Each structure stands twice: as structure tokens, then as C-alpha cells.
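Here is the structure we will look at, set down as C-alpha cells.
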Amino acid sequence: MSLAAAVEDFAVYLAAERGFSPHTIRAYRSDLAGLLAFAEERGVAGSSALTLDLLRDWLWVGSQAGLARATIARRSASARGFTAWLARTGASPADPAIRLRSPKPGRTLPRVINHAQMQDLLGHLEQRAAGGEPHALRDLAIVELLYASGLRVSELVGLDTGDVDLHRLTVRVTGKGSKERVVPFGVPAQSAILGYLDRGRPVLAAAKLPPETPVHNPAVPAAAALFLGTARRRLGVRAVYRLVATLLADVPGNGPAGPHALRHTAATHLLDGGADLRAVQELLGHASLGTTQIYTHVSAERLKRSYLTAHPRA
């Protein structure tokens with residue numbers, strides 16, 4: 001089997017049998033496209049001709065080109081998943097990547113917004129929403145829900161109106177690997193969502209479509225979508241990223257200023273308040289407790305900074 005055909009079949013397998021998201025599959029495709037180009041430069045076109053040395057050379061060239069350790073680690077993981085699948089399906093006589101090693105990605109502490117900054121940010125959004133402008137009501141509901149529940153931005157934009165239980169203060173989320181979980185939120189988020197559903201969403205749902213928008217377009221309208229954008233479509237990930245990045249532009253701190261910063265902030269504030277690590281893992285939808293444990297390091301770093309600032313013998 002040609003490598004190009006094998007990559008296509010592997011992508012189908014990831015979607016149909018593993019249930020991976022389109023975003024994850026695009027990441028695999030990107031990594032394996034690089035491997036495919038590297039292999040073709042060395043005269044390797046068949047899936048059975050991949051070798052451990054070729055894979056090691058591919059990673060080494062990327063490392064020499066200045067790629068981050070996390071990128072090299074991700075490429076290695078993509079290659080291992082691909083070659084393991086080749087061996088299982090008989091497209092390769094053996095798995096050449098079974099002994100492939102990669103550097104551990106350097107783990108940087110995520111950006112976390114402190115309590116005072118978060119209150120200021122939410123207060124600003126509440127003032128904007130007080131006038132009843134639909135987009136302002138929507139934006140307040142988005143940020144309140146992201147902070148209250150620690151949702152991924154992809155999970156947030158995928159919500160339908162029926163996923164939110166305003167009586168039980170819970171939201172049903174479809175996360176990575178199409179796994180469902182039920183996540184709680186608080187009264188402020190409930191109030192913001194109610195305001196948006198009562199006074200914001202009906203206006204956005206009734207917005208007049210631009211003349212060039214075809215009525216038969218399946219994306220218009222997104223009747224069930226909780227958060228609506230332009231032309232009655234479901235709000236997209238990029239729009240939420242722009243919203244949060246704009247709000248956090250003037251907030252001091254290191255690291256990306258996108259929606260994930262609110263997820264990090266929610267997890268850290270929960271642990272600071274005494275929440276159990278397992279409960280935070282379940283809330284965030286992490287498959288591994290090790291992924292959640294980074295927030296214990298964040299809390300420890302915050303404690304250390306406070307100690308160095310406040311203790312007279314620090």
C-alpha cells in the first residue's frame with residue numbers, strides 16, 4: 001500500500017472507529033503529511049518500507065530545524081499510532097516505531113487570572129449587558145459559563161439549548177472522543193444564560209439574513225444552537241477566541257489569552273478553594289489524572305509567589 005493511501009485510510013479509521021474529533025484528525029494528517037514528504041524525499045513510497053531509522057531521522061531533522069519539544073513529541077506520537085495501525089492491518093510486516101522514543105514535552109504552567117481580575121472582567125461584561133444589547137448578553141453568558149464550568153471552547157460552541165438545565169444548574173457536554181459528561185455551573189452563570197435566552201438569543205435568531213446567504217444552506221439557521229453568531233449561524237470557535245482574547249488583552253499575565261485561560265482559571269480557583277483533584281478531573285473531562293495535576297503546580301506556584309512577597313524572612 002502506498003503511504004499516501006495508508007494515511008487516508010488511517011484518517012478514516014480514526015474518525016469511524018476511534019471517534020476522534022475533526023481537529024485531532026487534522027493534527028494527525030498534518031504530522032503524517034510531513035512524514036510522507038520526508039519519506040518520499042528518501043525514495044520510500046510504500047507503507048511496508050518505513051523503518052525505525054527513517055522515523056528517527058525525521059524527528060531529528062525537525063529538532064535541528066528548531067521545532068519545539070512538544071511538537072517533536074506530538075510527531076512521534078502520530079508516527080507511533082500510524083505504524084501500529086499499519087502493523088495491525090497487515091499493511092506493514094512489523095511496527096517500526098515500537099522502539100521510537102521522543103523528548104518529553106516541556107510543561108509550562110498555564111495562564112491563570114486571579115480572583116480580582118476575574119471579578120473586574122465579569123463586572124465589565126455585566127455593565128455592557130445591562131443595556132440589553134443581544135451580543136453583550138451573549139458575551140456575558142459565554143464568559144460566565146466558561147469560567148463556571150471549565151468547558152473547552154469546542155464544547156461550548158457545540159452546546160444546544162436542550163443541553164442546559166437551568167433548574168438543576170447543569171450542562172450536558174460532549175467532549176473529546178465523543179464522551180458525554182454533565183458539568184455543574186453556578187447561579188451567576190444561570191442568571192447570565194437566562195438573560196441571554198430571554199432577551200438576546202431571540203433577537204439573534206430572528207436577525208435578517210444577508211442577501212447573498214442561500215436559504216437552503218444547512219448551516220442557516222442553527223435552530224438548536226445555544227450560542228448564535230452572525231446570520232443565525234452557530235457561533236464558531238474563532239469568534240469565542242477573539243472575544244476572550246480581546247477581554248484579556250489588558251490583563252497582566254503570561255501565556256495565551258484565549259478561552260483556555262478561563263478553563264485553567266476555573267480549575268485553579270477550584271483547587272485553591274479546596275476542591276478534590278478527582279472532582280476537578282471529572283469536571284474538566286480529563287482522561288488522566290496526570291493532566292489535571294498540573295493545576296496543583298499552578299496553585300503551589302501561586303502560594304510560593306505570595307510567600308516570597310509577604311513573608312519577612314522569605
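These figures come from a predicted structure and were not determined experimentally.
- When ring centroids are compared, Tyr28 and Phe82 stay outside the 6.0 Å threshold.
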How far apart are the C-alpha atoms of Phe185 and Leu151, what are their side-chain angles, what is the distance that settles it, and do they pass the side chain to side chain contact (heavy atoms under 4.5 Å, CB included) test?
CA-CA 10 Å; Phe185 55 83; Leu151 297 185; over 6 Å; no

Carefully, step by step, assess Leu122 and Glu144 under the rule side chain to side chain contact (heavy atoms under 4.5 Å, CB included).
CA-CA 7 Å; Leu122 291 170; Glu144 282 280 14; 3.9 Å; yes

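- When side chains are defined from C-beta on, Leu100 counts as touching Arg56, because their heavy atoms get closer than 4.5 Å.
- In this structure a side-chain-to-backbone donor-acceptor pair under 3.5 Å is present from Glu155 to Arg152.
- Proximity of Leu283 to Leu270: side-chain heavy atoms (C-beta onward) are separated by under 4.5 Å at one or more points.
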Pair Thr268, Thr265 - check side-chain hydrogen bond (donor to acceptor under 3.5 Å, both in side chains), show working.
CA-CA 5 Å; Thr268 303; Thr265 299; over 6 Å; no

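- Closest non-hydrogen pair, Thr161 versus Ala225, comes out as CG2-O, 3.9 Å.
- Between the CG atom of Leu55 and the CG atom of Leu50 there is a distance of 6.0 Å, given to the nearest 0.5 Å.
- Hydrophobic clustering (ILVMFWY, side-chain heavy atoms < 4.5 Å, transitive): Val203 and Leu235 are in distinct clusters.
- The shortest heavy-atom contact between Leu36 and Ala4 is CD1-N, 3.8 Å.
- Using modelled atom types, one side-chain atom of Thr83 and one backbone atom of Ala79 make a donor-acceptor pair closer than 3.5 Å.
- Between Asp163 and Leu226, every side-chain heavy-atom pair lies at or beyond the 4.5 Å cut-off.
- Counting heavy atoms from C-beta on, the side chains of Arg263 and Val153 never come closer than 4.5 Å.
- Checked by atom type and distance alone, the side chain of Gln190 never pairs as donor or acceptor with a backbone atom of Leu169 at under 3.5 Å.
- By the 6.0 Å and 45° rule, Arg42 stacks over the aromatic ring of Phe38.
- By the rule that hydrophobic residues join a cluster once side-chain heavy atoms approach within less than 4.5 Å of another member, Val182 and Leu145 end up as members of separate clusters.
- Atom CD of residue Gln64 and atom CG of residue Asp57 lie 11.5 Å apart, to the nearest 0.5 angstrom.
- With rounding to the nearest 0.5 angstrom, the CD1 atom of Ile193 is 11.5 Å from the CG atom of Asp198.
- Between the side chain of Arg26 and the main chain of Ser21, no donor-acceptor pair closer than 3.5 Å is present.
- Under the 3.5 Å distance criterion, with hydrogens and angles disregarded, a donor-acceptor pair is assigned to the side chains of Ser76 and Arg80.
- With hydrophobic clusters built from ILVMFWY side chains whose heavy atoms lie under 4.5 angstrom apart, Ile98 does not share a cluster with Leu52.
- In this structure, the side chains of Leu156 and Val240 come closer than 4.5 Å at one or more pairs of heavy atoms.
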Would you please test Asp160 and Arg172 for salt bridge (charged side-chain N to carboxylate O under 4.0 Å, His left out) and show each step?
CA-CA 9 Å; Asp160 291 335; Arg172 186 177 66 250; over 6 Å; no

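- Pro93 has its side chain within reach of Ser48: a pair of non-hydrogen atoms, C-beta onward, lies under 4.5 Å apart.
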Under the side chain to side chain contact (heavy atoms under 4.5 Å, CB included) rule, what do Val244 and Leu262 come out as? Steps first, then yes or no, please.
CA-CA 9 Å; Val244 179; Leu262 298 181; 4.1 Å; yes

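- Although no hydrogens or angles enter the test, the distance criterion places no donor-acceptor pair under 3.5 Å between the side chain of Arg201 and the main chain of Phe227.
- In the hydrophobic clustering of this structure, Phe20 does not group with Val12; members are Ile, Leu, Val, Met, Phe, Trp, Tyr whose side-chain heavy atoms approach within less than 4.5 Å, directly or through other members.
- Note that CG of Asp9 and OG of Ser47 are 9.5 Å apart. Values are rounded to the nearest 0.5 Å.
- Remark: Arg238 CZ is loosely packed, at most 12 non-hydrogen atoms of other residues, nucleotides or ligands lying under 6.0 Å away.
- Proximity of a side-chain donor or acceptor of Ser78 to a complementary backbone N or O of Arg74 within less than 3.5 Å is detected.
- In this structure a side-chain-to-backbone donor-acceptor pair under 3.5 Å is missing from Arg75 to Asp31.
- With hydrogens and angles disregarded, a donor-acceptor distance shorter than 3.5 Å links the side chain of Gln117 to the backbone of Asn114.
- Within the 4.5 Å cutoff, no side-chain heavy atoms of Val237 are placed close to those of Pro259.
- Checking side-chain atoms of Thr89 against main-chain N and O of Trp85 turns up a donor-acceptor pair under 3.5 Å.
- The backbone N or O of Ala189 lies less than 3.5 Å from no partner atom in the side chain of Tyr147, so there is not a single donor-acceptor pair.
- Every residue two or more places apart in sequence or in another chain was checked for a salt bridge (charged side-chain N to carboxylate O under 4.0 Å, His left out) with Arg278, and none qualifies.
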Could you go through residues 135-142 and list every donor-acceptor pair under 3.5 Å that involves a side-chain atom there, pairing it with any protein atom two or more places apart or in another chain?
from	atom 1	to	atom 2	distance (Å)
His135	ND1	Glu133	OE2	3.1
Arg138	NH1	Leu228	O	2.9
Asp139	OD2	Arg128	NH2	3.2

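- The distance from atom CE of Met118 to atom CG of Asp120, rounded to the nearest 0.5 Å, is 10.5 Å.
- Ring geometry, His269 versus His115: the interplanar angle falls under 30°, so the pair is classed parallel (tilted spans 30 to 60°).
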Just do the side chain to side chain contact (heavy atoms under 4.5 Å, CB included) check on Leu121 and Leu248 with the steps written out, would you?
CA-CA 8 Å; Leu121 187 152; Leu248 298 183; 3.3 Å; yes

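- Leu54 and Met1 sit in two unconnected hydrophobic clusters of ILVMFWY residues. Membership requires side-chain heavy atoms under 4.5 Å apart, directly or through other members.
- From Leu284, atom CG reaches atom NE2 of His264 across 10.0 Å, with rounding to the nearest 0.5 Å.
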